[in-house]
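One structure is given below, encoded as structure tokens.
Throughout, a chain's letter reflects where its sequence line sits, starting with A, and its residues are numbered from 1.
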Amino acid sequence: MSKIAVIGGGIIGVATAYELAKLGEDVILFEKNYFGSGSTFRCATGIRAQFTDEANIRLMKHSVERWEGLEEELGSDIVFRQTGYLFLATSEEEVEAFKANIRLQNKFGVPTRLIDMDEAREIVPILNTEPFLAGAWNPKDGKANPFKTLFAYLFRARELGVDARGHTEVIGFERAGDAITAVKFRSNGKVESVRVDAVLNAANAWAPLINEMAGLSRGLVPITAYKHQLVKTEPLEPGQVEPLVCPPSWNDAYIIQDGEDGGIICGAGIEHKARSLEDYEPTYDFLRGVLEYAVRIAPPLRYAHVVRQWAGFYAKTPDSNPAIGKLLENFYIAAGFSGHGFMMAPAVAQAMAELISKGRSRVPLDWEWYDPYRFERGELRSSAFQIG
Amino acid sequence: MSGKKIVCRCNDVTVEDVEALIDSGVTDIEELKRLLRIGMGPCQGRTCIPIVLSILARKTGRRQEEIPLPRARVPIRPVRVEVIVGGADE
Ligand SMILES: Cc1cc2nc3c(=O)[nH]c(=O)nc-3n(C[C@H](O)[C@H](O)[C@H](O)COP(=O)(O)OP(=O)(O)OC[C@H]3O[C@@H](n4cnc5c(N)ncnc54)[C@H](O)[C@@H]3O)c2cc1C
Ligand code: FES
């Protein structure tokens, strides 16, 4: 049994702590604020395997399979629903691109298909079908409640012996050669340290700061924090917009109905570089911009009330694919998830835990594709399709 | 009336729900908020947050003033979408 420190109490850190404990490891998990306080509790809840490259499709195919069994495995309701993702094309070229993506997805067992607007209207009764030529529809994509999912993992992790500490900030390491030997942390003003055999940096937007503490340059894994916002309406009758609906050419705008309370969550690629890593201030230009898209997608939304708006970070790498792998002898990273860390968590956590504990993993995760040293080599991947 | 004491009228959360979660170790107001959806209804917690704070203070032996309030969100009151986007095109 090794002593493993996981830094970051978001979905990636918490799920990996759980997977490590399942493999019999002795895990200590650090979260500087409350659990989920980073990007995780701000996410749009979406889960999809409709990507445009082999690595992300295969990883998400596996992740969706894990999601399907997660309620039973973790023993609590996480409001996982396979209500699909519906991408909408506005031009002939886009229809052709959708067809090519669908062929690739089908090749790896993801059952996406092209549908016409009559079928789209059946799936989303309040859809404005007029601007759209066709839809890419995968009924196996879906959504889950991020609050309940994170706590389901956390409660099970604690039951398996994980020492999960909220409001405890990692402030430094001791390093001998290429190995981290101890983690220093602060809680209630008190500084302590713990000897460790391995460390996982799962601090997402804050990951470059943790790398720096480990003696690596901040720019090695160049993650930038983009402010991404969401707006939510009052509850509508269930069934109005169950899938995530997105015309990518409209600035990646999307709408999706909260699986639990029925409010419509509205997002769009209207981004702002965050002024700091505490800049959670929502902006009016986003509110107006996102709602203009939302009512073009589903006109009756015009008569709903907005009840909430919030901001979080898309922790972005230069190619919008996460950095997953080993940085030093016993120092690992899984960070920079852009808009996909929630959906990827079950697969990435399993892969990471197996890598740390056993040196290899059964998960179909293409380590080469997500290699954290690729930026240093100037080797970018094709940009992962962005939306929710 | 079923005799249950409601804390959050918007999201139908009872005193028992809050106490049970605190007993299971969740004592952070931001975490309680998200697991129970208190403070996330149309009234934005004006009714329930003060009550939850007092339960939390009582059960954890803290003074109410020591417990930070959850972050307030805009808009303070629900606003109709058409007021924001304008009514013209349709
Ligand atoms: C508006 C929005 C919508 C999104 N929609 C979706 C979606 O639909 N589907 C999807 O899959 N993804 C979505 N995402 C992305 C998703 O939320 C993130 O990719 C995911 O939550 C990342 O999880 P994480 O655990 O890597 O990071 P985080 O949740 O950010 O966790 C990192 C944690 O590390 C902690 N930390 C930092 N420094 C330290 C330190 N020194 N010591 C201790 N702890 C530290 C932070 O406090 C933080 O809690 C969305 C994101 C946003 C902002
Ligand atoms: S009473 Fe709880 S949000 Fe309104």
Side-chain angles (χ1 to χ4, degrees), chain A residues 9 31 33-37 40-42 76 128 145-152 154-155 158 164 166-167 229-235 258 260-261 263-264 266 280-296 298-311, chain B residues 8-13 17-18 20-49 52-53 56 60-63 66-90:
Chain A
E31 167 51 52
N33 201 334
Y34 60 90
F35 286 97
S37 60
T40 300
F41 281 0
R42 299 160 200 279
S76 54
N128 175 15
N145 179 311
F147 314 138
K148 293 195 167 165
T149 305
L150 184 127
F151 277 99
L154 186 64
F155 289 147
R158 284 190 165 137
H167 300 283
Q229 302 180 51
L230 293 172
V231 165
K232 190 168 178 184
T233 72
E234 66 193 314
D258 187 306
E260 208 166 12
D261 73 10
I264 307 289
C266 310
Y280 289 120
E281 224 35 67
T283 61
Y284 183 75
D285 69 319
F286 182 88
L287 176 69
R288 194 182 160 101
V290 79
L291 291 176
E292 278 169 1
Y293 288 122
V295 299
R296 273 163 75 195
L301 288 183
R302 177 180 294 283
Y303 308 110
H305 288 81
V306 169
V307 291
R308 306 172 73 70
Q309 179 183 3
W310 65 91
Chain B
C8 176
R9 277 184 284 149
C10 296
N11 288 323
D12 208 12
V13 180
D17 296 332
V18 177
L21 202 56
I22 295 173
D23 287 339
S24 80
V26 180
T27 54
D28 192 301
I29 187 82
E30 295 278 1
E31 294 177 355
L32 286 168
K33 168 175 142 185
R34 278 149 175 116
L35 282 171
L36 294 170
R37 309 192 82 83
I38 48 170
M40 296 169 113
C43 92
Q44 294 273 13
R46 270 193 298 271
T47 315
C48 58
I49 292 294
V52 173
L53 282 176
L56 192 56
T60 58
R62 280 185 285 178
R63 283 186 305 136
E66 290 170 22
I67 304 172
L69 283 171
R71 184 184 285 263
R73 303 264 193 225
V74 288
I76 302 300
R77 284 172 204 286
V79 183
R80 212 163 147 114
V81 169
E82 63 183 350
V83 172
I84 297 160
V85 299
D89 54 281
E90 218 195 305

Residues A/E292 and A/R296 bridged, charged N to O under 4.0 Å: no
Heavy-atom cut-off 4.5 Å, strictly under: side chain, backbone, both or neither for B/V83 against chain A? neither
Give the member of A/L291, A/N145, A/V306, A/V307 that has the highest number of heavy-atom pairs under 4.5 Å with chain B. A/V306
Taking every non-hydrogen pair under 4.5 Å, which of A/N128, A/L150, A/L287 racks up the most with chain B? A/L287
Most heavy-atom pairs under 4.5 angstrom with chain A, which of B/R34, B/E30, B/R37? B/R34
Drop me the distance from A/Q309's CD to A/T283's OG1, to the nearest 0.5 angstrom. 6.0 Å
For A/F155, what residues pass the ring-ring contact (aromatic ring centres under 6.0 Å, His included) criterion, not counting sequence neighbours? A/F151
Single hit among B/L36, B/L35, B/D12, B/N11 for side chain to side chain contact (heavy atoms under 4.5 Å, CB included) with B/D17: B/L36
By a 4.5 Å heavy-atom criterion (distance strictly below it), what part of A/L301 contacts chain B: side chain, backbone, both, or neither? backbone
Just jot down the ring-ring contact (aromatic ring centres under 6.0 Å, His included) partners of A/F41, sequence neighbours excluded, or say none. A/F147
